[in-house]
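Have a look at the structure below, then the notes.
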Amino acid sequence: MIAHAVADEPLFYDDIDRRRYLGLLQQAAQRHRWKVLTFVLLDNHVHLLIVAAARDLSGALWSLHWGYATHFHERHPSRRGHVFESRPKTLPIKTERYLLAVLRYIANNPVTAGICARPEAYRWSAHRALLAMSEPMPVVATADVLFRFGADLQSARMRYAAFVAGEDPAEHKVVRRWSEAPPHDRPPLAEILTAGDQGDAMRAAYFEWGYSMRAIASVVGLDPATISRRMRRER
């Protein structure tokens, strides 16, 4: 999941805001039986990697961000209007390789943003906790991450660190394309939607190329709610 502040304004002004968001995230994880595998809080956006027990992830994320927006307006009354740019952008993950690529991408996000040279130097992500370089974070499902790198805890942490610091996996380009702004080489939407099976084409347009459901709906002649239902059926 990725959520941006509106108009590239700050989403977190200080550590009080960041701690409040993490507190609300922990409450949401307990309430909705999420496993938060990792996260990163940057100044103007947030990434979460969640294993959700319930299907209504979008509704639960809306509730989380409504709670944070309420806090935000109470602390920063000079900022009016929306806090978040739009609904959180979510992508269902179907393979273990893709999950690991997302895990690595989120860990390296502060480096990509030019904030620090190494991901473990950034305080407001799960990466340091996963490496036991900071106090444990109850919100992070550490065991669910590290078992993917081995049964022995110390060795698993070393393998995880090496994976994050290593070369980009094959899935990295797709993860980056989905997470970041639309690339300059993005094909026109009509071209994507006329290539092959319509269902596969709609999913490629949304998940791989970053077109909105509203834009897709306007081209194929369906309403956005119908597009959303079709996407969910394919998870």
Is [Y] paired with [X] through a side-chain N to carboxylate O contact shorter than 4.0 Å?
X      : Y      : value
Asp168 : Arg104 : yes
Arg123 : Asp15  : yes
Asp152 : Arg159 : no

State, with a plain yes or no, whether a side-chain heavy atom of [X] is found less than 4.5 Å away from one of [Y].
X     : Y      : answer
Phe72 : Phe84  : no
Ile2  : Val46  : no
Glu9  : Asn44  : no
Leu42 : Pro110 : yes
Asp43 : Pro10  : no

**Prompt:** After noting the C-alpha distance and the side-chain angles of Arg20 and Ile16, does the key distance pass the side-chain contact (heavy atoms from CB on, under 4.5 Å) rule?
**Reply:** CA-CA 6 Å; Arg20 182 57 176 160; Ile16 295 174; 5.6 Å; no
Residues in side-chain hydrogen bond (donor to acceptor under 3.5 Å, both in side chains) contact with Glu120, at least two apart in sequence or another chain:
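With sequence neighbours excluded, Glu120 shows a side-chain hydrogen bond (donor to acceptor under 3.5 Å, both in side chains) to Arg118, given in chain and number order.
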Original post:
Would the number of heavy atoms belonging to other residues, nucleotides or ligands and lying under 6.0 Å from CD of Gln154 be above 12?
Top reply: no
>> If you count heavy atoms of other groups shown closer than 6.0 angstrom to NE2 of His82, is the number above 12?
In response: no
Hey, can you tell me if Phe163 and Phe149 have their rings parallel, tilted or perpendicular (30° and 60° cut-offs)?
tilted
Return the [atom1] to [atom2] distance between [X] and [Y], rounded to the nearest 0.5 Å.
X     : Y      : atom1 : atom2 : value
Ile93 : Tyr98  : CD1   : OH    : 7.0 Å
Leu48 : Thr38  : CG    : OG1   : 9.0 Å
Arg31 : Leu24  : CZ    : CG    : 8.5 Å
Gln26 : Met137 : CD    : CE    : 10.5 Å
Leu37 : Ile106 : CG    : CD1   : 9.0 Å
Leu64 : Leu57  : CG    : CG    : 10.0 Å

(message) Under a 3.5 Å cutoff, is there a donor and acceptor pairing between the side chains of His65 and Tyr21?
(response)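 Present: a donor and an acceptor within the cut-off.
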### Query
Among pairs that include at least one residue of residues 108-144, which meet ring-ring contact (aromatic ring centres under 6.0 Å, His included), considering only residues two or more places apart or in two chains?
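As it turns out, the ring-ring contact (aromatic ring centres under 6.0 Å, His included) pairs with a partner in residues 108-144, which skip direct neighbours, are His127-Tyr160.
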Side-chain donor or acceptor of Arg148 paired with backbone N/O of Asp144 under 3.5 Å: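 Looks like yes, one N/O pair under 3.5 Å.
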Would you check if the side chain of Arg128 reaches a backbone N or O of Ala121 as a donor-acceptor pair within less than 3.5 Å?
->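 Such a contact is absent between Arg128 side chain and Ala121 backbone.
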Is there a chain of hydrophobic side chains (I, L, V, M, F, W, Y, each step under 4.5 Å between heavy atoms) that links [X] to [Y]?
X      : Y      : result
Met133 : Leu41  : yes
Val51  : Leu146 : yes
Trp66  : Val6   : no
Val164 : Met158 : no

For this session: Start with the C-alpha gap between Thr95 and Glu171, add the side-chain angles, then the distance that decides, and say whether side-chain contact (heavy atoms from CB on, under 4.5 Å) holds.
Result: CA-CA 10 Å; Thr95 70; Glu171 295 78 8; 5.7 Å; no
Item checked: Leu25/Trp34 under side-chain contact (heavy atoms from CB on, under 4.5 Å): CA gap, chis, key distance, verdict -> CA-CA 10 Å; Leu25 176 61; Trp34 291 346; 4.0 Å; yes
[X] versus [Y], closest heavy-atom pair with distance:
X      : Y      : result
Pro119 : Val111 : N-CG2, 3.5 Å
Lys35  : Ala141 : CB-CB, 4.1 Å
Leu11  : Ala3   : CD2-O, 4.2 Å
Ser125 : Val40  : CB-CG2, 3.7 Å
Ala129 : Glu135 : CB-O, 4.1 Å
Arg97  : Ala170 : NH2-CB, 4.1 Å

Fill in: Validation row, ring centre Tyr13 to ring centre His76 under 6.0 Å
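Centroid separation for Tyr13 and His76: below 6.0 Å.
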Quiz item: For the residue pair His47 and Tyr105, is the inter-centroid distance of their aromatic rings smaller than 6.0 Å?
Solution: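 His47 vs Tyr105: aromatic centres under 6.0 Å.
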By salt bridge (Lys or Arg N to Asp or Glu O under 4.0 Å), Arg75 pairs with (sequence neighbours left out) Asp14, Asp17
Val36 vs Leu49, test: side-chain contact (heavy atoms from CB on, under 4.5 Å). Steps then yes/no. CA-CA 6 Å; Val36 180; Leu49 179 56; over 6 Å; no
